[in-house]
Amino acid sequence: MSEFASRLIAWHAENGRHDLPWQNTQDPYRVWLSEIMLQQTQVDTVIPYYQRFLEHFPTVTSLAAAPLEAVLALWTGLGYYARARNLHRAAQAVVRAHDGIFPRSAAQLVELPGIGRSTAAAIASFCFGERVAILDGNVKRVLCRQFGIEGFPGERAVELRLWALAESLLPATGIEIYPQAQMDLGATLCTRSRPRCGECPVSETCVARRTAREGDLPARRPKKAVPQRSCGVLLVKAGGAVLLEQRPATGIWGGLFSLPEMVEGESGAQTALRRLGIAVPDCRELPSLRHSFTHFTLTLTPWLAELPAMPVMAHEPVLRWVALDELEKVGLPAPILKILQAR
DNA sequence: TATCCGTGGAA
DNA sequence: TTTCCAAGGAT
């Protein structure tokens, strides 16, 4: 076994995290759900979502039987909604193709939608003891520092090298613990800023530590300009309900309900109302809000139209009146929910 | 293969 | 306020 792996496993016994909600179980459903929610998402953010999701869908069978809408509703605010759509599809695949029993190998798990190489390895090693390597953000950071790997880990060549390195370090025994030990080291000691090298079990062999480059490894993502976009949205209210429009199944906020979009301005609002088949009342502009995505910044300007009564509308599958006290039943983008909760 | 896909925490 | 990016995967 590599000295690196054995030191991490020994360190983990006393210093690892042992009480996260998805730990102390080998139920592949729970481990899978946690791994999906934790993709690109911080632990503290995931915890309440994970617990609420399990209360609604305690088993893969119950998840598979649920409407996608209910799944997206529980994902509101968590982001990367393709994860929820893939989660739902994968649950149905497990029920249909595997009789509701999760496949036990990483090779089979990776065939399920939303499960990539690292997530498959995490489930297979945690739940079934398969000797396969994970490579998440924590592991990348730890390996880049420990072995002095240059280059941005998002680059293909660097990532391939990291996968090979991660596999070469796998222990012969303790595979159920080793992935967790790596992640715990990255999350609690070998952090992005101000790593606590004084407490690290592998600091003596760490290239970054020896060369005082803890702050330079792993290499930063190359900078890119963030485009600015702006968009007007209609806030049509009648009684205690608001008119929502379901977004296309793919793309940003795919499958979520949002406020109908419009070109900005007073006349744009009235054009949009006519498109929706609503007699045009007075509209008034509300304060804009800015929302930051990873790859662009969006300025949303809501326009409020209050109707005396809910109009009877032509059959429009993507339009829906939703009571303001029932918003939790549909999936909503975070900034849209913010607008709706403000009034 | 580079880009797309959310949100909020931390510094 | 701005910058960076976190238990990544799909296309």
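Below, chain A is the first sequence line, B the second, and so on; all start at residue 1.
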To the nearest Å, give me how far apart [atom1] ([X]) and [atom2] ([N]) are.
{"X": "A:Leu109", "N": "C:dG9", "atom1": "CG", "atom2": "P", "answer": "12 Å"}
{"X": "A:Tyr80", "N": "C:dC5", "atom1": "OH", "atom2": "P", "answer": "13 Å"}
{"X": "A:Arg89", "N": "C:dG9", "atom1": "CZ", "atom2": "P", "answer": "15 Å"}
{"X": "A:Asn86", "N": "C:dG8", "atom1": "CG", "atom2": "C1'", "answer": "12 Å"}
{"X": "A:Leu185", "N": "C:dA6", "atom1": "CG", "atom2": "C1'", "answer": "16 Å"}

Identify, residue by residue, the members of [range] with a heavy atom below 4.0 Å from DNA chain C, and return them in order of residue number, or none.
{"range": "residues 11-34 of chain A", "result": "A:Arg17, A:Leu20, A:Trp22"}
{"range": "residues 148-176 of chain A", "result": "none"}
{"range": "residues 212-230 of chain A", "result": "A:Arg220, A:Arg221, A:Lys223"}

Which part of the nucleic acid, if any, lies within contact of [X], taking any heavy atom under 4.0 Å across all strands shown: a base, the sugar-phosphate backbone alone, or nothing?
{"X": "A:Thr294", "answer": "base"}
{"X": "A:Ser193", "answer": "sugar-phosphate"}
{"X": "A:Pro113", "answer": "sugar-phosphate"}
{"X": "A:Leu78", "answer": "base"}

Margin query: A:Phe147: which residues meet the ring-ring contact (aromatic ring centres under 6.0 Å, His included) condition with it, sequence neighbours left out?
Written below: A:Phe4

Checklist line | Bounds of contact between DNA chain B and chain A, in 5' to 3' order, using a heavy-atom cut-off under 4.0 Å | finding: B:dT1 to B:dA11

Item checked: Non-neighbouring partners of A:Ser230 that pass side-chain contact (heavy atoms from CB on, under 4.5 Å), sequence neighbours left out -> A:Glu264, A:Thr299

Item checked: Any A:Gln40 side-chain N or O less than 4.0 Å from OP1/OP2 of C:dG8 ->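 Answer is yes, contact under 4.0 Å.
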
Check: Counting side-chain heavy atoms from C-beta on, which of C:dC4, C:dG9, C:dA7 comes nearest to A:Gln39?
Finding: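 Nearest to the side-chain atoms of A:Gln39, counting from C-beta on, is C:dG9.
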
